[in-house]
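To start, the structure itself, in C-alpha cells.
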Number of protein chains: 2
Amino acid sequence: MKLTSKGRYAVMALADLANFNKTGPVPLRDISIRQGISLFYLEQIFLKLKKHNIVQSTRGSGGGYVLFKNADDLKLSEIFSAVDEKVKTINCKRESKKGCNGKASKCITHNLWDELELHINTFFNQKKLSDLVSKKDTQIR
Amino acid sequence: MKLTSKGRYAVMALADLANFNKTGPVPLRDISIRQGISLFYLEQIFLKLKKHNIVQSTRGSGGGYVLFKNADDLKLSEIFSAVDEKVKTINCKRESKKGCNGKASKCITHNLWDELELHINTFFNQKKLSDLVSKKDTQIR
DNA sequence: TATATACCCGAGTAAAATAGTCAAGATTAA
DNA sequence: TTAATCTTGACTATTTTACTCGGGTATATA
Ligand code: FES
Ligand code: FES
C-alpha cells in the first residue's frame, strides 16, 4: 500500500507552484530544479493537470503554469484523480455488480476494503493544497 | 495507492480460518477452495503468518492451521505487518534522518504523507479480525 | 524576422514489484 | 505403510512504475 511517484510529484509540484505563482507563470524547469523532479516527467504530469483544469498554461518565452483556482479551493483528491492516482483497495472485477472472482456475492472482506477506501478518501477530500503552502506567505497577504 | 494481493489474501484467509477453526485445524486446501486462492500462494502467506505467531500449525493427516489468539485480539495491522504489507507514503531515503533526495531538510510534502500514513494505520489498528467474522457464529457462543 | 524559451503530445523502454508456480522434503494420523 | 499436510527455498511470468525521447507548436523579445 503505497503512493506512486506520480501522485507525490503532482502534489509537490503544485505546492511549489502555489508558492511562486504570485509573480506570474512558473516554468516547469524551475519546478524541476527546485524540487528535483525530472523535467520530462513533470511535463507528463502537468499535461494531465491542465486537462483537468487544475493549472493554466502560457506558452512561449516567459510562459509557464499558474494555478487555475485558489490553493484553498483545491482538494488533494482532485489532484490525485487528475493524475490517475487512485485509491483501489477492492478486487471486484466488475465494480458495481459482481464480487471478486466473478462470484455473484460479495466476499467476506469486501465491506472492510470499502470502509478503508472511504477512510482514505476522506483524508484526501479534507486536505487542501493550501495546507501545504508555507505559512509565511499566507500570513503576509 | 492500492493493497497488494498478499495483504488481501492474508486477511481473507484468516477470516475464513476464524470461521472454521472451532472444530479443529483447517487445512490450507479447504481455504484455497473456499476463497479461490492458489494453494501455493497460501502456503507462502501462512509461513509468514506462522513465523509471526498469528497462526499455529499441525502437520500430517488431519492437520492444518488454527489461530494463535482470539479473533477479537488480532488487529489487522498485525496481519499486514506479518506479510509485509506496509503503508509507505513517504519517500525519504533514510527514514529517520534525511529527507527525500538526500537533502538534509524535509520536503514540502513530508508532513502531509506522514499524516496520511498515520491516518491509514489508525484504521488498521482499530480493526480486528473479529470484525469480519460472520455475525451468526459470534452470536451463538 | 530570427531566436530562444516554453509548452504539447505520443511513443517507447528499463527496472522494479507483484503474483503466482514449482520441486523436493519432513511430519504425522489412521 | 500410505495419504494428508505442512516446510522451505528458489524460480518465472506478468504487470506496473518511472522515466526518457523526439519532434512538434506557440509566443515574447531582441
Ligand atoms: S473485495 Fe469485493 S467481493 Fe471481495
Ligand atoms: S517525503 Fe520526506 S522529505 Fe519528502
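Letters A, B, ... mirror the listed sequences (proteins, then strands); counts begin at 1. In what follows, every heavy atom counts, from backbone to side chain, and hydrogens, waters and symmetry copies are set aside.
We find that B:E117 and B:K88 are not joined by a salt bridge, their nearest charged nitrogen and carboxylate oxygen being 4.0 Å or further apart. The pair B:E85-A:K2 does not count as a salt bridge, with every side-chain nitrogen at least 4.0 angstrom from each carboxylate oxygen. Salt bridge annotation for B:K48-B:D84: present, with a cationic side-chain nitrogen under 4.0 angstrom from a carboxylate oxygen. Ion pair B:K128/B:D72 not flagged as a salt bridge, since none of the NZ, NE, NH1 or NH2 atoms sits closer than 4.0 Å to an Asp/Glu carboxylate oxygen. One finds a salt bridge joining A:E115 and B:K127 here, because a Lys/Arg side-chain nitrogen approaches an Asp/Glu carboxylate oxygen to under 4.0 Å.
As a whole-Å value, the separation of A:L39 CG from D:dA18 P is 18 Å. Taking atom CG of A:L49 as the reference point, atom P of C:dC7 lies 13 Å away to the nearest angstrom. Distance A:I45 CD1 to C:dC9 P: 16 Å, rounded to the nearest Å. Regarding A:E85, its CD atom lies at a distance of 8 Å from the P atom of D:dA18, rounded to whole Å. C:dT21 atom P lies 13 Å from atom NZ of B:K6, rounded to whole Å. If you take NZ of A:K88 and P of C:dT18, they are 17 Å apart, rounded to a whole angstrom. Put simply, CG on A:L42 is 11 Å from P on D:dT20, counting in whole angstrom units. At whole-Å resolution of the value, NZ in A:K86 and P in D:dT15 are 16 Å apart.
For B:Y9, no side-chain nitrogen or oxygen approaches OP1 or OP2 of C:dT18 to under 4.0 Å. Remark: B:K50 is in phosphate contact with D:dT7, judged by side-chain N or O atoms under 4.0 Å from OP1 or OP2. Taking side-chain N and O atoms only, A:Y41 has no distance below 4.0 Å to OP1 or OP2 of D:dC21.
Using a 4.0 Å heavy-atom criterion, one finds that B:K51 contacts no nucleic acid atom at all. Contact annotation for B:Y65: backbone-only contact, meaning every heavy-atom pair under 4.0 Å involves sugar-phosphate atoms and none involves a base. Among the protein residues, A:K48 comes within range of no part of the nucleic acid, since none of its heavy atoms lies under 4.0 Å from any strand.
Considering only side-chain atoms of B:P27, the nucleotide from C:dC9, D:dC6, C:dT18 that sits closest is D:dC6.
Aromatic ring pairs are classed by plane angle as parallel below 30°, tilted from 30° to 60° and perpendicular above 60°; the pair B:F123 and A:H119 is tilted. Relative ring orientation between A:F124 and A:F80 is described as perpendicular, the plane-to-plane angle rising above 60° on a 0-90° scale split at 30° and 60°.
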Reading 5' to 3' through nucleotides 22-30 of chain C, protein heavy-atom contacts under 4.0 Å coded B for base, S for sugar-phosphate only, - for none: B---BBBB-
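In terms of position on DNA chain C, the residue among A:M1 and A:G64 whose nearest nucleotide sits closer to the 5' end is A:G64. Looking at which nucleotide of DNA chain D each of A:L3 and B:F46 is closest to, the 5′-most match is held by B:F46.
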